[in-house]
Amino acid sequence: MRMRRGTPVAAAALALALMATACQGAGEVTEGEDADLAVATGVTEDTITVGTHQPLTGVAASGYSPISRGAQAVFDYVNEQGGVNGRQIDYVVKDDAYDPAQTVDVTRELVDEEIFAMFGGLGTPTHSGVLDYLNEEGIPDVFPASGALVWNSPEEYPLTYGWQTDYTKEAKVQGQYIAENFPGQNVGFFYQNDDVGTDSQAGLDQYLTDEVVAREHYESSVTDISAQIAALQAAEAEVVVCSCIPAFMANAMLTASAMEYSPQWVVSSIGGDTRTLQGMLAAFSDGAVEGEAADAFLDGLVITSYMPRIEDPEDEWAQLFIEVWEDYREDDSEVLTNTHVFGMTQAVMFSQALLEAGEDLDRQALIDTLHSIEWQGPSPVPFTSSEDDRGGHQGVYVVQYQAGGDIELIQDTRVTDNAGGPIEETDFTQLSPSELAFHD
Amino acid sequence: MEKFLDLTYNGLSSGAVYAALALSLVIIFQATRLVNFAQPAFALVSAYTAFAVIQATDSYWLGFGAALVVGALAGALVERVVIRPIASKSELNAIIVTLGLLLVVQGVIGMVWGSREHGLRYAFDYKGDFSPADVFAVASIAVVAVLVFVLYRFSPLGLRMRAAAFRPEAARLSGVKVGLMLTAGWAIASTIGALAGMLAGPPFLSPHSFDLVFVFAITAAVIGGLDSPFGAILGGLLMGLAMSYVSGYVGPEVATLAALVVVVLVLSLRPDGILSRPKARKV
Amino acid sequence: MSSPTRERAEGATAPTSQGSPPASPKAGFWKRIPSPVRNLLLAALALTAISGLMLFSSDLSSLRYAAVGYTLLAIAGLQLLVGGSGQVSLGHGAFMMIGAYSMALLVLHLPMLPLAANLLIVVVVSAVAGLLVGAATARLHGPYLAGATLILAVGLPGLAHRYHDVLGGSNGLRIRVAGAPPGLENLVSDEQWTSIVVWTVVLLALAVLATVSGGRLGRRMRSVRDDETAAAMAGVPVGSTKVAAFVIASTAGGLAGALQIYVLGTATPSIFTLALSLTLLAVLVLGGVGSMWGALWAALAVVYLELWVSDLAGLLEMNSNVENNLPLVFFGIVLILVLRFWPLGIQGIFQRLAARRRLSETSR
């Protein structure tokens with residue numbers, strides 16, 4: 001093969017550069033310049049393209065795939081009303097199967113397809129893998145769907161805005177609630193063996209000390225949890241805090257009932273979706289208790305919550321979500337759950353931010369809006385997305401499930417931080433759907 | 001002590017499930033010399049069938065029956081249509097094809113029923129230490145084991161099936177319909193797979209419900225000896241107990257590591273499984 | 001127990017010596033070069049071509065090429081184990097995990113250490129892992145080995161959960177690595193550069209694999225694959241040959257894992273799943289056992305098949321349950337059909353086409 005004269009030179013240069021990389025400290029990262037935010041990538045005259053990565057297949061799909069379907073329904077609704085500032089929202093959902101390797105790929109693909117922003121990227125292990133990338137590329141990373149503390153790191157990740165009440169804040173309120181309402185009772189913890197568990201215990205331990213008689217964890221790949229539930233029973237835990245996803249809340253209730261063990265369950269928002277729990281547990285109730293399916297298990301369940309809840313017939317947001325779901329769901333047999341509401345609430349707030357960012361939309365405008373916006377719903381919990389606090393929802397309220405399908409509000413919203421700060425009541429009230437502008 | 005007993009009960013009832021799946025693997029291995037990765041697919045199809053029938057009729061036993069029938073049909077069909085053309089060519093290819101089949105079935109089930117979890121009832125009351133449901137699991141495996149033993153040792157059908165598997169040419173010459181015997185072997189195995197699905201399915205069924213169960217079943221079959229139905233059952237119970245103890249005394253995250261340790265220990269002592277025949281047949 | 005791959009042995013390896021492209025007419029001179037040098041030259045040539053291609057590719061494409069690269073390396077290692085020595089491993093993902101986590105720990109705790117040193121350490125670590133696994137499983141054959149390696153792939157991630165202080169639990173470890181070297185920033189993007197680095201390592205490693213496979217060890221492995229007893233009688237040390245194959249495969253797998261985290265920046269237990277290990281073996285058979293080209297088709301299938309199908313599915317207006325599961329079903333059907341009609345996989349199809357063309361040329 002004959003080479004042109006330039007080729008050896010180029011090859012030598014390449015070899016030299018490769019040598020340089022081989023010898024350079026692999027972990028020595030040089031900081032790049034800040035990305036330019038005065039761009040309107042993904043925004044046209046009449047559309048805004050936003051992207052997200054979600055587990056639509058694989059083992060995590062069962063728990064999380066309703067979220068993006070809920071969000072889609074709201075965006076369809078918003079678009080039907082005329083969109084935001086005359087633009088239709090194009091919501092692009094890519095399946096990452098909860099595999100961080102795929103998250104990296106689909107996120108790059110989304111950016112390649114010119115999304116305006118990343119919206120609601122789901123999962124801690126998955127989204128963590130693209131945090132650096134999104135922030136370096138100057139892609140607004142709005143409302144990742146998980147309660148990890150890392151989303152609230154404005155210094156390190158200036159374009160990332162948390163959404164969910166983080167696990168520690170939520171657990172602090174749970175701990176205080178238990179200390180106040182079940183004084184002197186034995187408390188057991190049952191938690192997922194990852195940051196959900198660690199961060200939750202960091203909160204619970206601030207209010208519960210001597211009462212804690214057992215700490216058991218589960219691994220999401222191992223569905224047999226009899227040993228752990230038996231240990232909670234053996235330790236005579238009267239109140240069990242479940243920092244777990246619905247599949248394991250249901251599993252824990254069923255396993256406990258098999259052991260004829262019935263503690264007072266207190267569950268975090270991530271596992272407190274009673275509709276999902278009903279769907280899973282309905283087959284096991286044998287009609288022992290009159291009323292809704294699975295009441296035998298769920299009656300008296302204490303749930304911390306920050307979004308509107310569909311069990312609440314009074315709540316106007318819940319009503320809107322039910323209507324929107326009826327009108328825009330793809331599959332008529334799919335029952336609306338609070339997991340859908342997660343995506344729906346996120347979608348409303350994101351639409352509101354886009355609307356408020358105005359007609360001359362660029363990334364900087366969205367960021368400025370997020371910093372300045374005064375959030376007033378749909379959640380009955382104050383929300384922050386300011387320059388230096390991206391903690392999202394700041395607290396939780398507490399409800400209790402009643403046989404028959406209703407929920408009762410047993411403690412109004414309280415807010416706190418994720419460190420050692422106090423828990424405070426708040427006089428925050430959200431606007432109703434008709435008062436809150438989130439579409440044209 | 002009470003904890004130990006609890007863990008033992010628990011290990012036995014999950015071990016029974018591994019044993020059932022392992023047994024179905026062994027039967028297919030005996031018939032076709034193939035580790036059937038589509039086994040969880042049969043269990044899935046059957047369990048979802050049962051779920052649909054139970055929902056429609058509100059009768060558990062109708063669903064149970066439907067599951068077994070569908071399992072048997074699926075096994076026979078797969079052997080005829082998918083496996084037979086390739087099984088004689090290459091074992092590795094056959095394994096990969098069964099894997100492909102598993103992917104297809106998981107995908108189709110996801111298409112039809114979605115990815116969310118569905119509650120699937122137990123056969124009997126699941127409450128209490130060693131509940132009726134647990135007893136049913138262990139007892140049904142025992143019954144199946146005896147049936148399989150009787151079938152293979154004493155019934156003419158079983159003898160023909162063994163002959164068809166081990167000496168196909170000789171069997172053919174003596175008038176055995178070798179093809180039919182292979183299909184029968186698959187049908188029997190997938191019926192047992194369906195039973196395993198009905199035992200492992202509850203409480204919650206999703207397209208990936210049986211992934212790990214199946215891994216443990218393969219390990220059970222391997223440590224028991226792939227040529228030995230009783231080895232499969234022994235292996236299943238051993239895996240169930242080992243993982244239950246480790247899970248309870250050390251932590252659930254190391255249960256799978258414990259399974260690895262068991263496999264390494266057993267196979268380093270007996271490379272062909274616990275109940276393998278002393279002289280390994282060379283094919 | 002017969003070797004699972006014996007049947008295909010002649011057909012697949014005969015036309016090309018492993019790893020090198022079909023010999024050109026001027027093979028005389030080429031053949032006289034010692035095989036390590038020849039393989040290195042080929043690697044250099046391929047690297048030049050790929051780097052050239054990279055410079056005209058988008059960042060996303062570059063990263064996908066990098067993914068093809070490290071997947072190719074992992075599969076090529078598995079190829080040597082399965083196609084070369086006849087040992088079927090269902091746990092190759094475990095070695096990738098070992099490599100990825102080793103790399104992550106090195107970068108996190110010793111950021112000053114050069115990339116080359118990191119990769120060398122990864123090679124040593126994964127070789128040791130392969131030695132352990134190979135020694136523990138050398139007496140196992142066929143499905144027993146498959147079962148043992150399967151549980152290895154499922155069990156190993158348990159370590160990450162057990163020692164989550166060091167290994168990060170289910171959120172795993174995240175690293176950031178240096179991008180394009182100073183002076184080249186304006187010429188190549190970080191992604192393009194990363195991909196070139198990956199391919200450099202991959203091609204070097206492939207050259208080594210091809211050399212090994214073409215040498216004495218390769219011949220020994222194939223004789224063990226074809227008939228252990230005969231090999232033993234011919235004086236081949238069966239046990240150590242099998243272990244050697246495992247060590248080579250695990251090293252390739254570990255190196256591939258290290259390159260993967262070098263590209264992705266994140267290693268979690270949920271990356272190194274059962275599905276990954278099974279996929280690696282499945283695509284290897286799909287691509288064609290017994291030739292390095294088969295590993296390339298396999299790697300391309302891993303990276304692009306699902307992408308294309310999900311893009312296609314996105315275009316058709318379908319129920320979302322159907323759309324989401326279509327790539328899975330499609331992949332399953334491809335496996336079944338290809339192996340049903342072309343037992344030698346994609347490489348088998350190409351070979352058959354080439355043979356047919358040669359036949360028609362000679363008959364003319």
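Heavy atoms only: backbone and side chains are in, while hydrogens, waters and symmetry mates are out. This structure is a prediction, so every number in the text was calculated from the model and none was measured. Below, chains carry the letters A, B, ... as their sequence lines are ordered, and counting in each starts from 1.
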Subject >> For chain C, the option from B:Thr256, B:Val261, B:Val264 that forms the most heavy-atom pairs under 4.5 Å >> reply: B:Thr256
**OP:** Would you mind checking which part of C:Ile333 comes under 4.5 Å of any heavy atom in chain B, side chain (CB onward), backbone (N, CA, C, O), both or neither?
**Re:** both
Original post:
What part of C:Leu284 is in contact with chain B, defined as an atom under 4.5 angstrom from a non-hydrogen atom: side chain, backbone, both or neither?
Top reply: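 Looking at C:Leu284, nothing touches chain B.
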Would you say that [X] contacts [Y] through its side chain, given a criterion of any heavy-atom pair below 4.5 Å between the two side chains?
X: B:Thr219; Y: C:Leu150; answer: no
X: B:Trp113; Y: C:Asn321; answer: no
X: B:Val82; Y: C:Arg340; answer: no
X: B:Ile96; Y: C:Leu286; answer: no
X: C:Ile336; Y: B:Val104; answer: yes

Mind listing the closest non-hydrogen atom pair of [X] and [Y] along with its distance?
X: B:Ser268; Y: C:Arg139; value: O-NH1, 2.8 Å
X: C:Ile151; Y: B:Val263; value: CG2-CG2, 4.0 Å
X: C:Asn325; Y: B:Met111; value: ND2-N, 3.5 Å
X: B:Asp272; Y: C:Tyr144; value: O-OH, 3.1 Å
X: B:Val35; Y: C:Pro143; value: CG2-CB, 3.4 Å

**OP:** Flag the one option from C:Val334, C:Leu281, C:Val154, C:Leu159 with the top tally of heavy-atom pairs under 4.5 Å to chain B.
**Re:**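 Greatest number of close heavy-atom pairs with chain B: C:Val154.
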Can you say whether [X] sits under 4.5 Å from chain C via the side chain, the backbone, both, or neither, judging by heavy atoms?
X: B:Leu102; value: neither
X: B:Val105; value: neither
X: B:Leu267; value: both
X: B:Ile86; value: side chain

**OP:** Hey, could you give me the OG1/CG distance between C:Thr279 and B:Leu99, rounded to the nearest 0.5 Å?
**Re:** 7.5 Å
**OP:** Would you give the length of the straight line joining atom CD1 of B:Ile95 to atom CG of C:Leu339, rounded to the nearest 0.5 angstrom?
**Re:**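 Taking CD1 in B:Ile95 and CG in C:Leu339, the distance rounds to 12.0 Å.
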Original post:
Considering residues, nucleotides and ligands other than B:Tyr249, do more than 12 of their heavy atoms fall under 6.0 Å from its OH?
Top reply: yes
**OP:** Just do the side chain to side chain contact (heavy atoms under 4.5 Å, CB included) check on B:Val254 and C:His161 with the steps written out, would you?
**Re:** CA-CA 8 Å; B:Val254 281; C:His161 296 294; over 6 Å; no
**OP:** Could you tell me whether the side chain of B:Asn93 and the main chain of C:Pro343 form a donor-acceptor pair under 3.5 Å?
**Re:**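 Confirmed, B:Asn93 side chain pairs with C:Pro343 backbone.
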**OP:** Please lay out, stage by stage, how C:Leu335 and B:Val97 fare under the test side chain to side chain contact (heavy atoms under 4.5 Å, CB included).
**Re:** CA-CA 6 Å; C:Leu335 282 181; B:Val97 165; over 6 Å; no
